[in-house]
Amino acid sequence: MRRYIHQRHDQPDPNGDYDTYPSGTSFDPGVSIGGNLRNFGTLIGGMDKSLGDLMDYLKELGVANRTLVIFMSDNGGDAPIQQGYSGDIPWLEKISAVAPLRGRKGSRYEGGTRIPMIVGWAEVDSSSPIQREYPIPQNAVNHDIVAIWDIYPTILNMLKLKVPVGHQVDGEDISPYFRGDLSFHRTQKIFQHFPHHHSYANFYSTYRKGDWKVIYNYMDQYAHTDLYSGNGYKTAGRFPWQLFNLKDDIGESNDLAQDPAQRERLMRMARSLIRELRQADAQYPVLTRNGQAVGTAYIRMPDFPAVDSDGDGVPDLVEDANGNGLIEPGETDPDDASSFVPIRE
């Protein structure tokens with residue numbers, strides 16, 4: 001690692017080698033850990049030592065006071081700790097290694113996606129020009145939604161570089177947080193699309209806006225096809241939508257999707273998810289039967305025929321006649337009271 005950092009600092013070499021941390025970690029006296037737990041503990045211990053060595057070496061090079069350190073993960077925790085599997089709830093959905101969050105790496109629940117992010121200068125120096133511009137407040141905590149894809153536009157802006165022509169950027173510049181700007185808030189919404197099978201997850205899309213989160217489960221909507229149903233997700237036939245208030249229910253244990261008081265919210269969030277996926281040109285699962293493709297598993301709106309989200313007197317599923325959440329030719333917008341066609345008697 002030291003060799004790689006030196007190469008990057010002195011004469012960049014993308015093919016340069018680097019040293020990994022030594023295997024084996026000493027645990028406290030009397031602590032007995034074996035198997036995968038010991039391997040995982042060794043991994044954490046080795047990573048911690050490597051990061052410490054990295055910070056020390058940046059100081060040796062004399063660049064620590066202008067080196068920004070961003071520490072985060074690309075997915076939720078995956079420590080080999082979980083409650084025992086029970087037939088009704090898959091083990092990977094249980095509150096486990098990342099308690100109080102539900103789920104783990106790859107899961108549709110917060111344990112699969114919510115991670116900490118730590119940002120700071122490798123060495124605090126109030127005389128450093130870049131630190132004067134971005135005086136990251138020490139020991140400050142912020143609970144806003146940010147995403148790993150925000151890093152790219154953020155670094156570009158800090159370096160006063162422009163996005164290359166024709167290059168699409170998904171993230172947002174979050175550098176105002178590093179200035180301590182309390183008035184700044186990144187757009188507080190995020191979606192995730194998982195239209196395939198993984199050992200920890202199967203066919204879902206999620207959308208979070210502020211404290212609220214909606215989940216769409218494709219396998220529940222399309223019950224008579226051959227979507228993969230391993231890992232205990234043999235749930236086809238249930239209501240395919242889930243809705244959680246993360247402020248009140250961080251463990252996602254109280255599904256409000258069929259609560260009459262939340263039906264309008266669910267309809268609005270469902271449309272937001274569908275339109276985000278359309279804008280991203282998302283791909284969807286392929287439906288098969290007996291090994292043959294029979295269609296595409298598009299998201300279907302909740303079947304709540306009485307909901308009128310915009311209060312224009314026309315139910316959502318009348319304005320959105322085909323129930324796909326989009327505004328097709330001849331349809332009107334269920335979220336816009338000025339966009340409607342009166343119902344004929």
Side-chain angles (χ1 to χ4, degrees), residues 1-14 16-22 25 43-77 98 101 110 113-164 167 169-190 208 210-211 247 250:
M1 180 65 77
R2 287 168 59 97
R3 186 188 315 162
Y4 179 74
I5 295 171
H6 183 74
Q7 288 169 334
R8 296 300 299 173
H9 169 68
D10 185 50
Q11 186 175 0
D13 178 7
D17 296 328
Y18 61 91
D19 297 325
T20 59
Y21 57 82
T25 298
L43 173 68
I44 298 299
M47 182 177 66
D48 184 62
K49 182 181 185 304
S50 293
L51 288 173
D53 292 344
L54 171 63
M55 300 289 278
D56 290 341
Y57 193 51
L58 290 171
K59 293 179 182 179
E60 288 182 32
L61 292 174
V63 297
N65 68 342
R66 52 190 176 93
T67 300
L68 184 68
V69 178
I70 302 174
F71 184 84
M72 63 189 307
S73 173
D74 62 346
N75 51 247
V98 286
L101 305 181
E110 292 295 280
T113 56
R114 183 186 291 226
I115 57 171
M117 173 180 172
I118 303 172
V119 180
W121 296 105
E123 182 178 46
V124 177
D125 180 2
S126 60
S127 66
S128 168
I130 187 67
Q131 291 196 38
R132 287 200 299 269
E133 185 176 0
Y134 296 98
I136 299 173
Q138 295 189 56
N139 302 317
V141 178
N142 190 298
H143 297 286
D144 279 2
I145 299 172
V146 298
I148 197 167
W149 47 89
D150 295 331
I151 301 302
Y152 175 57
T154 299
I155 296 301
L156 283 183
N157 182 68
M158 294 180 70
L159 296 176
K160 297 177 173 53
L161 299 175
K162 294 183 178 181
V163 175
H167 190 92
V169 176
D170 295 321
E172 299 182 27
D173 172 19
I174 60 173
S175 62
Y177 287 121
F178 307 159
R179 294 194 184 99
D181 184 352
L182 299 180
S183 66
F184 174 78
H185 299 280
R186 178 197 186 273
T187 304
Q188 292 300 284
K189 65 179 183 179
I190 192 170
R208 180 181 169 189
D211 294 326
K247 181 179 180 180
I250 190 62

Within this structure, what is the [atom1]-[atom2] distance for the pair [X] and [Y], rounded to the nearest 0.5 Å?
X      : Y      : atom1 : atom2 : answer
Arg66  : Leu68  : CZ    : CG    : 13.0 Å
Ile190 : Arg208 : CD1   : CZ    : 8.5 Å
Leu58  : Asp53  : CG    : CG    : 11.0 Å
Ile70  : Ile148 : CD1   : CD1   : 9.5 Å
Asp173 : Arg186 : CG    : CZ    : 11.0 Å
Glu172 : His185 : CD    : NE2   : 13.0 Å

Heavy-atom pair of closest approach, residues [X] and [Y]:
X      : Y      : result
Glu110 : Leu101 : O-CD1, 3.8 Å
Pro153 : Gly171 : CG-C, 3.7 Å
Asn65  : Ile130 : O-CG2, 4.2 Å
Ala64  : Ala122 : O-CB, 3.4 Å
Thr154 : Asp150 : OG1-O, 2.6 Å

Please step through side chain to side chain donor-acceptor pair (under 3.5 Å) for the pair Asn157 and Ser175, ending with a clear verdict.
CA-CA 8 Å; Asn157 182 68; Ser175 62; 3.2 Å; yes

Run the side chain to side chain donor-acceptor pair (under 3.5 Å) test against Thr113 and tell me which residues pass, sequence neighbours left out.
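Not a single residue meets the side chain to side chain donor-acceptor pair (under 3.5 Å) criterion with Thr113.
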
Is any side-chain heavy atom of [Y] closer than 4.5 Å to one of [X]?
X      : Y      : result
Arg114 : Ile250 : yes
Asp144 : Tyr177 : yes
Ser126 : Val124 : no
Phe178 : Met158 : yes
Ile145 : Lys189 : no
Ser50  : Met47  : no
Met117 : Ile174 : yes

Pairs where residues 116-158 contributes a residue and the test ring pair (Phe, Tyr, Trp, His ring centres under 6.0 Å) is met, not counting sequence neighbours
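For residues 116-158: Tyr152-His167.
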
Just checking Ile155: does its CD1 atom have more than 12 heavy atoms from other residues, nucleotides or ligands closer to it than 6.0 angstrom?
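Yes.
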
